[in-house]
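The structure appears below as C-alpha cells.
Both backbone and side-chain heavy atoms feed into the values below; hydrogens, waters and symmetry mates do not.
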Amino acid sequence: MKKILIISISLFCSLALCAQSVALHRDGETQIFRGMNAFIDANNAAQDGDTLYLSGFNLSGPGSFDKSLKIYGVGSMDTATVATGKTHISGNINLRNGADDFHIEGVDFERLSVENNHSVNNLTVKRCNIRGNISFGTTENPSEDCIISGSVIRGSINLTNTIRPTISNNIILGNITTTNNIIANNIFLYGSYYTINGSDNMFFNNYLKAGGSYPYRICSGNGNAFYYNVFAYPEEPTLGSHYVQENNWFNVSMEDFFVKKVGSSYNIEDDYHLQKPEDYIGEKGTQVGIYGGDYPFKEWAIPVIPHIESVDIPYRLDEDGNLPVNIKVSAQKEQD
C-alpha cells in the first residue's frame with residue numbers, strides 16, 4: 001500500500017510540478033502524456049468533450065484544434081506559479097470548425113485565432129496571458145457567443161467576424177476593432193492611433209488610456225455609446241461621430257486611479273485595485289475597472305482548478321522508510 005501511495009504522489013507531482021506533462025481525462029479515466037510534445041500527443045488522442053490538464057513549464061502546441069475540449073493550465077502568471085512554473089504554450093491557439101464550446105484557462109500562449117471561413121461558437125478564454133493578437137477570421141461564417149475575460153491581452157482584438165461576444169474584465173495593451181457589441185470593465189493601457197475602431201458599440205465601466213502620438217484619439221467610428229467609463233485625458237477626447245457619453249469621468253491619471261501603476265506596459269507587480277472604489281461606481285452598481293461587473297478579475301489570473309501554493313519534496317526517505325511529501329493546495333471558486 002505504501003508503495004502504491006508513493007507512486008500515486010509521484011505521478012501527481014509529475015503532472016503538476018515537473019516539466020512537460022498533460023493528463024487527458026475522459027469518463028473517469030485518465031491518460032498521461034509526457035515530454036515537450038505531450039500537448040500535441042494528448043490533442044491527437046482527445047475526443048469531443050475531453051478535458052486536458054497541462055503541467056507548468058513549456059509545451060509545444062498543436063497546429064490547430066477542431067474538437068470541443070476543455071483545457072486547464074496551472075496558471076499563466078509567474079507570480080502565481082512559483083511552486084509549479086506557469087503553463088506556457090510555444091505557439092498559437094488556432095481554432096477550426098468543430099471546436100465549438102472550446103474552453104482554455106490558465107495558459108500563457110502567443111496568439112488566438114479562428115481560421116478564415118471557419119466558425120467557433122461558445123468559445124471561452126479565461127485567465128490567460130495572451131502575448132499577441134486575437135482574431136476571428138474573415139467576414140464569412142461568424143463565431144457566436146465567445147467569452148474572453150480575466151486575461152492579459154498584449155496585442156489587439158479584432159471582433160469583426162463575431163456575434164454577441166463578451167469582452168470583459170481584461171487588461172488590454174492593444175487596439176480593439178468591434179461593431180455593435182458591449183465592452184465592459186476592461187483596462188485599456190495603450191492603443192496606437194485609435195484605441196477603439198468600430199461603430200454602434202456600448203462601452204461600460206472601462207478605464208481608457210490611449211497611447212502613442214495620439215493620446216486624445218480614443219475612438220473612431222459612428223454611433224458608439226460610453227457610460228461610466230474613466231478616461232485618462234481631459235474632456236473630451238475624440239470619441240468618433242454621433243456618439244453618446246453619459247456619467248463618465250475625465251482627466252483621471254493612472255497614478256491617481258489605481259493603487260499602484262507606473263507606465264503604459266503591463267507589470268505583474270502593479271496593483272489595479274482602485275484607490276477610491278466608492279467614488280467610481282458604474283453600471284449595475286459595482287465599481288468600474290476589472291474588479292467590478294459580472295466577471296471580477298481573479299488575482300494573478302489563477303485558474304478555477306485547485307492551485308498548488310507550495311511544495312516540499314525531500315530527495316531521500318526518512319528513517320522509517322517514508323517519503324514525507326508536503327504539498328499545499330488551495331481550492332478555487334469561480335469568483336473570489
Side-chain angles (χ1 to χ4, degrees), residues 12 15-16 20-34 37-57 59-77 80-81 84 86-115 118-130 134 136 143-151 153 165-170 295 298 301-308 329-336:
F12 174 77
L15 283 173
Q20 294 101 7
S21 299
V22 176
L24 188 161
H25 185 76
R26 179 193 308 149
D27 297 330
E29 300 293 330
T30 301
Q31 185 177 0
I32 306 300
F33 299 85
R34 302 184 190 280
N37 293 325
F39 191 21
I40 297 173
D41 296 337
N43 179 63
N44 290 338
Q47 301 175 7
D48 283 340
D50 287 352
T51 301
L52 303 182
Y53 297 97
L54 280 57
S55 71
F57 302 102
L59 292 161
S60 296
S64 62
F65 298 87
D66 58 3
K67 304 166 188 174
S68 177
L69 301 175
K70 289 182 171 56
I71 297 172
Y72 295 94
V74 297
S76 61
M77 302 293 176
T81 56
T84 61
K86 69 181 178 183
T87 299
H88 172 72
I89 302 304
S90 300
N92 308 320
I93 303 298
N94 299 313
L95 304 176
R96 313 187 69 192
N97 289 337
D100 289 352
D101 302 304
F102 190 92
H103 181 116
I104 185 167
E105 184 170 345
V107 178
D108 176 297
F109 58 89
E110 298 303 319
R111 297 191 298 273
L112 183 141
S113 64
V114 175
E115 293 190 15
H118 292 252
S119 67
V120 175
N121 300 322
N122 303 307
L123 164 69
T124 299
V125 181
K126 293 180 62 177
R127 302 174 186 173
C128 288
N129 182 35
I130 304 168
I134 297 175
F136 288 84
S143 297
E144 301 184 22
D145 300 310
C146 71
I147 297 175
I148 301 174
S149 69
S151 297
I153 303 164
T166 297
I167 310 297
S168 71
N169 301 83
N170 302 287
Y295 303 92
K298 181 68 178 291
I302 296 173
V304 73
I305 61 174
H307 177 64
I308 298 175
V329 181
S330 60
Q332 303 299 309
K333 298 178 182 178
E334 186 63 30
Q335 302 292 343
D336 54 8

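- Each of V125, V114, I93, N121 was scored for a side chain to side chain contact (heavy atoms under 4.5 Å, CB included) with F102, with one residue passing: I93.
- Of the possible donor and acceptor atoms, one in the side chain of N170 sits under 3.5 Å from a partner among the backbone N and O of G150.
- For G75 against P303, the heavy-atom pair with the smallest separation is CA-CD, 3.8 Å.
- Closest approach of S64 to R96, counting heavy atoms only: OG-CD, 3.5 Å.
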### Query
When you look at R127 and V304, which way does the side-chain contact (heavy atoms from CB on, under 4.5 Å) test go after all the steps?
CA-CA 9 Å; R127 302 174 186 173; V304 73; 4.2 Å; yes
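- Between the side chains of S68 and D100, no donor N or O sits under 3.5 Å from an acceptor N or O.
- Under a 3.5 Å cut-off, the side chain of N169 and the backbone N or O of Y295 do form a donor-acceptor pair.
- Checked against R111 for a side chain to side chain contact (heavy atoms under 4.5 Å, CB included), the options I134, N92, I130, N94 give a single hit: N92.
- When all heavy atoms of S76 and A301 are compared, the closest pair comes out as OG-CB, 4.2 Å.
- In this structure, the side chain of S21 does not engage the main chain of I32 through any donor-acceptor pair within 3.5 Å.
- Between the OG1 atom of T84 and the NZ atom of K86 there is a distance of 11.0 Å, given to the nearest 0.5 Å.
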### Message
Between L123 and F136, is the side-chain contact (heavy atoms from CB on, under 4.5 Å) condition met? List the steps.
### Response
CA-CA 11 Å; L123 164 69; F136 288 84; 4.0 Å; yes
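- Side-chain atoms of K67 come within 3.5 Å of backbone N or O of N43 as a donor-acceptor pair.
- Taking all atoms of both residues into account, the shortest heavy-atom contact from A45 to F33 is CB-CZ, 3.7 Å.
- With hydrogens and angles disregarded, a donor-acceptor distance shorter than 3.5 Å links the side chain of N97 to the backbone of S119.
- Distance check: L24 CG to T51 OG1 gives 8.5 Å after rounding to the nearest 0.5 Å.
- A tilted orientation is assigned to the rings of H103 and Y72, their planes being inclined by 30° to 60°.
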### Message
Could you go through M77 and N129, starting from their C-alpha distance and side-chain angles, then the distance that decides it, and tell me whether this counts as side-chain contact (heavy atoms from CB on, under 4.5 Å)?
### Response
CA-CA 7 Å; M77 302 293 176; N129 182 35; 4.2 Å; yes
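- Atom NZ of K70 has 12 or fewer heavy atoms from other residues, nucleotides or ligands within 6.0 Å.
- Summarising the local packing, CG of D27 is surrounded by 12 or fewer heavy atoms from other residues, nucleotides or ligands at distances under 6.0 Å.
- No donor-acceptor distance shorter than 3.5 angstrom exists from the side chain of D41 to the backbone of F39, with no hydrogens or angles considered.
- Note that CD1 of I104 and CG of L54 are 7.5 Å apart. Values are rounded to the nearest 0.5 Å.
- Separating the CG atom in L52 from the NE2 atom in H25 is a distance of 11.0 Å, to the nearest 0.5 Å.
- Summarising the geometry of H118 relative to S143, their closest heavy-atom pair is O-OG, 4.5 Å, with the distance given to 0.1 Å.
- Distance CD/E144 to CG/N122: 8.5 Å, rounded to 0.5 Å.
- Proximity of a side-chain donor or acceptor of T166 to a complementary backbone N or O of I147 within less than 3.5 Å is not detected.
- A distance of 12.0 Å separates CD1 of I71 from OG1 of T124, quoted to the nearest 0.5 Å.
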### Query
What's the verdict on side-chain contact (heavy atoms from CB on, under 4.5 Å) for I153 and I148, showing C-alpha distance, side-chain angles and the deciding distance?
CA-CA 10 Å; I153 303 164; I148 301 174; 3.9 Å; yes
